[in-house]
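Since the structure comes first, as structure tokens, the remarks are kept for the end.
In what follows, chains are A, B, ... by sequence order, proteins preceding strands, each numbered from 1. Not measured: the values here are computed from a predicted model. Only this structure's heavy atoms are used, side chains among them; waters, hydrogens and symmetry mates stay out.
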Protein chains: 2
Amino acid sequence: MGRPSRERMADAAIDALQGQLSAYMERKGLRSTSQRRLVSDVFFRAAGHHSLDEVLAMARAEDPRVGYATVYRTMKLLVECGLANERQFGDAVTRFEIAHHDSHHDHLICLECKRIVEFEDSEVEAHQEALAQRYGFSLVSHKHELYGLCAECQRK
Amino acid sequence: MGRPSRERMADAAIDALQGQLSAYMERKGLRSTSQRRLVSDVFFRAAGHHSLDEVLAMARAEDPRVGYATVYRTMKLLVECGLANERQFGDAVTRFEIAHHDSHHDHLICLECKRIVEFEDSEVEAHQEALAQRYGFSLVSHKHELYGLCAECQRK
DNA sequence: CTCGATGCAAATGCTTTGCAGAAAA
DNA sequence: TTTTCTGCAAAGCATTTGCATCGAG
């Protein structure tokens, strides 16, 4: 059982996510609209970390009439039901990524080209728990970001 | 040689910071004004992580006529000359903390009462370098934040 | 039909800047 | 006197929301 690639999402995986979304909406009495299907679909298909503007652009490529507020509210919905995570890196904009529940990952961010590389580190992960406990905290989540220059930008 | 307390700043330490600021301003041909002295002073004296509004409030306690923009520009100046660090936690506001050059520290943040506890972890610190190298990055800085509930808020 | 969803445009909240008067040097 | 700094108010910008209309159930 190899580590699943995060480059792109297999169709089956996307179907699973769409299924979870449908289940959540049904449970909450929310409606399945063409916009929600479109926005969630382009988001699930796109690997990486995207701002609202980026998700809007992707959605508008398929339907130019989608509004910013709809993308905003749909992404909020995805965060609510645990299918997306909101993240803030150096700049002012909020970015969204698909939430992976199987394993945590953190980020290496290139200050020059803004490239974002994901990594996993179970060693640090375990350490955090112990640390939190030492201060009486019960951990909910964490953020571990390393900022620097990627190999390519170092050469310039 | 014990670990220096971060609770409050010794007067001697504050003088040292003020000295560094003066040196920087002189080098850059900037002027020493009563506002800059006041804002940097209240900031150096206050332990913790403060938003612009908080620094403004502290400054206005001593001189009600200080303007928001002056605090904004003074804090920017302190960041520029390396005496303060800018940080963004969960919310939308930027917070400032005194920059400690001797050792790094990271943060435990209570999601309920917003309390911020600092911790040091040289073990993780060393690990990060190795990790970055594995991906060809040269590290510049990092952010390691643990979010959860503090002992007090868990009881509620 | 009904009530939630959409899209627009306006409001918000924080940050940043232009400018005329004030104050260092 | 010259040049930088201050304080106000206005501009920027990403995010959020009110509301009339649209469309799923």
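- For C/dA5, neither phosphate oxygen OP1 nor OP2 lies less than 4.0 angstrom from any side-chain nitrogen or oxygen of A/Thr33.
- For the pair A/Met25 CE and D/dG25 C1', the computed distance is 13 Å after rounding to whole Å.
- Residue-level contact check: B/Ser32 touches the backbone only, with heavy atoms under 4.0 Å from sugar-phosphate atoms and none from bases.
- For B/Leu77 and C/dT17, the CG to C1' distance is 17 Å, given to the nearest whole Å.
- Between the OG atom of A/Ser138 and the CG atom of B/Leu146 there is a distance of 11.5 Å, given to the nearest 0.5 Å.
- B/Asp91 places its CG atom 9 Å from the P atom of C/dC14, with the value rounded to the nearest Å.
- In the displayed structure, A/Glu26 atom CD is contacted under 6.0 Å by at most 12 heavy atoms of other residues, nucleotides or ligands.
- Place A/Ala92 and A/Arg37 on DNA chain D by their nearest nucleotides, and A/Ala92 ends up nearer the 5' end.
- Taking atom CD on A/Gln88 and atom C1' on C/dC14, their separation rounds to 12 Å, with Å as the unit.
- Inspection of the B/Thr70 and B/Gln35 side chains reveals no N or O donor paired with an N or O acceptor under 3.5 Å.
- Each of D/dT17, D/dC8, D/dG25 was ranked by its minimum atom distance to the side chain of A/Arg31; first place goes to D/dG25.
- Between A/Leu38 atom CG and C/dG7 atom P the separation is 10 Å, expressed in whole Å.
- Checked against A/His107 for a ring pair (Phe, Tyr, Trp, His ring centres under 6.0 Å), the options A/His142, A/His49, A/His144 give a single hit: A/His49.
- Of the candidates C/dT17, C/dC14, C/dG7, C/dT17 carries the atom nearest the B/Tyr72 side chain, counting heavy atoms from C-beta on.
- Counting distance only, with no hydrogens placed and no angle test, the side-chain atoms of A/Arg73 and the base atoms of C/dG4 include no donor-acceptor pair under 3.5 Å.
- Using a 4.0 Å cut-off, some side-chain N or O of B/Gln35 falls inside it from OP1 or OP2 of D/dG7.
- A straight line from CZ of A/Arg65 to P of C/dC8 spans 10 Å, rounded to a whole angstrom.
- Within 4.0 Å of A/Thr94, counting heavy atoms only, lie sugar-phosphate atoms of the nucleic acid but no base atom.
- For the pair A/Met75 CE and D/dT16 P, the computed distance is 13 Å after rounding to whole Å.
- At the phosphate of C/dT15, OP1 or OP2 sits under 4.0 Å from a side-chain N or O atom of B/Tyr68.
- Rounded to a whole Å, the CZ atom of B/Phe96 is 14 Å from the P atom of C/dC14.
- For C/dT6, one of the phosphate oxygens OP1 or OP2 lies less than 4.0 angstrom from a side-chain nitrogen or oxygen of A/Arg36.
- Between B/Phe96 and B/Phe43, the ring planes lie perpendicular to each other; the angle is over 60°, past the 30° to 60° tilted range.
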